[in-house]
> 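One structure follows; several queries about it will come next.
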Amino acid sequence: MGEIVLFPIDEPPAPVLRWKAVVTYRSEEGKKNVEHFLEELDDLAGLIEQGPDWNTIVACVVTLNRDSSPIPRLTIEQSMLI
């Protein structure tokens, strides 16, 4: 009987989440950054509520997660043509 050859199954690529939020908290050891990746900005409130007390937040910076996004970069004018 012939030899059975098994091939690895490729996993589908992980989805690229649109937003990156970096929340900086104050701690006794200094400032600590926590990164969150989100598809919807509405999800950020829940993540912050689950974390340390919001009175310890120093800053929260939200940026578009472009580093790994396959979506083209448009200007305002180009986006109105779509």
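Please read all numbers here as calculations on a predicted model, not as lab measurements. Just so you know, residue 1 is the first one in the sequence shown, and it goes up from there.
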> Between N33 (side chain) and V22 (backbone), is there a donor-acceptor pair under 3.5 Å?
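Not confirmed, N33 side chain does not pair with V22 backbone.
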> Does the pair V58 and Y25 meet the rule for a side chain to side chain contact (heavy atoms under 4.5 Å, CB included), with working shown?
CA-CA 5 Å; V58 174; Y25 294 95; over 6 Å; no
> Minimum heavy-atom separation for A21 to L44, with atom names?
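So the minimum-distance heavy-atom pair works out to CB-CD1, 3.7 Å.
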> Report yes if the side chains of V34 and P52 come closer than 4.5 Å at any heavy-atom pair, otherwise no.
no
> Are L47 and L38 side-chain neighbours, meaning at least one heavy-atom pair lies under 4.5 Å?
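Side-chain contact under 4.5 Å: yes.
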> Do T63 and W19 touch side chain to side chain, with heavy atoms closer than 4.5 Å?
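No, every pair of side-chain atoms sits at 4.5 Å or beyond.
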> With sequence neighbours left out, what residues match K32 under salt bridge (Lys or Arg N to Asp or Glu O under 4.0 Å)?
E29
> Which pair of heavy atoms, one from R18 and one from E40, lies closest together, and at what distance?
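R18 and E40 have their closest heavy atoms at NH2-OE2, 3.1 Å.
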> Got a donor-acceptor contact below 3.5 angstrom from the R26 side chain to the K31 backbone?
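It does not hold such a pair.
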> Atom OG1 in T56, atom CD in E28: separation rounded to 0.5 Å?
11.5 Å
> Shortest non-hydrogen contact from I48 to C60?
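It is CD1-SG, 4.3 Å.
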> Rounded to the nearest 0.5 Å, how far does NE2 of H36 lie from CG of D43?
11.0 Å
